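Everything below concerns the one structure shown next.
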Amino acid sequence: MYSVADIDVEICGATKCRLCTQFCPEGNTILYDEIRGTAYVAVDRCKGCEICVGICDDLAKHHAIKMVPIDQIKEGFEISKIGFKRTLVESE
Amino acid sequence: MSLKTINAAPGFQDYLPKEYQDLLEDGPFFKQRKVSELGSFKEVIEEHPMCSGCAMTLFIRLVYLGLPSLEHTVICGTAGCGRLAISQGAVPFIYGNYGDTNAVASGLKRGLDIRFPDTPKDVVVMAGDGGLADIGFHGVMHSWFRKEKFTTIMLDNEVYGNTGGQDSGMTQKGMVMKMAPTGKKFEKMDMLGLAKTAGVAYTARIAPTNPTRVANTVRKAVLIAREVGPTFIQAYTSCNIEYAIPTPKVMDDARDVEKDRYGFVEYFSDDAKAYWEESEKERKRLRKAEKK
């Protein structure tokens, strides 16, 4: 079992800070939904390093990202299955 | 002459891999993306086997963002951790043998200039401290002495990371590693000083604590290399495995090391300074004209 980053859409959507997208070491992993104004995670790409948690807690001070065991994430976004999306609004 | 490098044959686009289709529709080609746009477009770097929380991966990701024209760039690398990610980027990657990256890049750059005289083609060497300061040292130095017009980026993790932790020329003096149990005997090599002595047009030392600065520095180095001469970036990209840095603390470590001994410095030669100031003025003038 391993944990991946999970972003609280409500807290994140209120800030629109985008810092986590800039510090994630993996490409195409923390994506940004322009319509909802929130970052979201491609769970199949996240390697669970927790850098984004540190950035969100210490640098941005928003506390919107938590590490969650992968089996507790329901309907996580998987970029390898769905492909790149500018927004997830249509698929909701 | 026009050679559209990133394109799909009509009728076949639907059969291409999803990642390729995404790159065609939402990729960073033919337009300069900003750091603030990350997450809103498909990045060139695909899934790769580099370690979780690796600062080198972050730096490589930001280098791709900083390159001024991705579709006209060739990256040269060699053995080391970095190539695991660089080889998964949708930018041509030439794998030089250990020691000859800068020789390969020199030939490549000269060849591209002859083949495409009207299109600026950028060559960027991106390899580790072992590949550039130790084993590739002679190639690096001679490419600088010959004033070859390409950028050399050293991903300095201060260790031979994927062979078990041997000390490199760039390791700090006294550092005890798994495969250097008595500690490094000599000082860290002064590659920035060597670059200046060799007449490199632009040198910079940077840590990946400020993504915008990383992207801007890479862009600056590549643009100066196009017109003036060789450029060099030395980047601190910690190895969290060999230096036993817990992954959530990787950015804290980068900030500490940056504060302590790896602060951002850049050096322009006189020609590079004159060129850069002139091109900045030109860019400002164009921006003003666009606004009007």
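Letters A, B, ... are given to chains in the order of the sequence lines, protein chains preceding strands, and every chain is numbered from 1. Both backbone and side-chain heavy atoms feed into the values below; hydrogens, waters and symmetry mates do not. As the structure is a prediction and not an experimental result, all values here were calculated from the model.
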Q: State, with a plain yes or no, whether a side-chain heavy atom of B/Lys42 is found less than 4.5 Å away from one of A/Lys85.
A: no

Q: Would you mind reporting whether A/Arg18 and B/Leu38 have side-chain heavy atoms less than 4.5 Å apart?
A: no

Q) If you round to the nearest 0.5 Å, how far is SG of A/Cys52 from CE of B/Met251? A) 12.0 Å

**Q.** For chain B, the option from A/Cys20, A/Ala39, A/Cys24 that forms the most heavy-atom pairs under 4.5 Å
**A.** A/Cys24

(Q) Could you check whether atom NZ of B/Lys259 has more than 12 heavy atoms from other residues, nucleotides or ligands sitting under 6.0 Å from it? (A) no

Q: Check B/Ser52 against A/Gly48 and note the closest heavy-atom contact, atom names and distance.
A: OG-C, 3.9 Å

(Q) Looking at chain A, which one of B/Pro211, B/Pro246, B/Ser40 has the largest number of heavy-atom pairs inside 4.5 Å, strictly under? (A) B/Ser40

Q) Which value, rounded to the nearest 0.5 Å, describes the distance between B/Glu19 atom CD and A/Asn28 atom CG? A) 9.0 Å

Q) Is chain B contacted by the side chain of A/Asp44, its backbone, both, or neither, given a heavy-atom distance below 4.5 Å? A) backbone

Q | Atom group of A/Leu19 that falls short of 4.5 Å from chain B, counting heavy atoms | A | neither

Q: Please flag which part of B/Ile60 lies under 4.5 Å from any non-hydrogen atom of chain A: side chain, backbone, both or neither.
A: neither

Q | B/His48 and A/Glu26: CA distance, side-chain angles, deciding distance, side chain to side chain contact (heavy atoms under 4.5 Å, CB included) verdict | A | CA-CA 9 Å; B/His48 56 74; A/Glu26 301 295 316; 3.2 Å; yes

Q. Out of curiosity, B/Thr209 OG1 to A/Phe23 CZ, how far, rounded to the nearest 0.5 Å?
A. 7.0 Å

Q.
Less than 4.5 Å to any heavy atom of chain A: does that hold for the side chain of B/Val35, its backbone, both, or neither?
A. both

Q: Would you mind checking which part of A/Glu34 comes under 4.5 Å of any heavy atom in chain B, side chain (CB onward), backbone (N, CA, C, O), both or neither?
A: side chain

Q: Using non-hydrogen atoms and a 4.5 Å limit, figure out which bit of A/Ser80 sits close to chain B: side chain, backbone, both or neither.
A: backbone

Q: Report the distance from atom CD of B/Glu25 to atom CZ of A/Phe84, rounding to the nearest 0.5 Å.
A: 10.5 Å

**Q.** Verdict with reasoning, B/Arg61 to A/Gln22, per side chain to side chain contact (heavy atoms under 4.5 Å, CB included)
**A.** CA-CA 9 Å; B/Arg61 184 176 172 233; A/Gln22 300 172 13; 5.8 Å; no

Q. Between A/Lys47 and B/Glu47, is there a side-chain N and carboxylate O pair less than 4.0 Å apart?
A. no

Q | Nearest-0.5 Å distance that lies between atom CD1 in A/Ile51 and atom CG in B/Leu58 | A | 7.0 Å

Q. Would one find more than 12 heavy atoms of other residues, nucleotides or ligands at under 6.0 Å from atom NZ of B/Lys188?
A. yes

Q.
Is it the case that atom NZ in B/Lys34 sees more than 12 heavy atoms from other parts of the structure closer than 6.0 Å?
A. no

Q.
Give me the atom names and distance for the closest heavy-atom approach of B/Gly53 to A/Pro25.
A. CA-CG, 4.1 Å

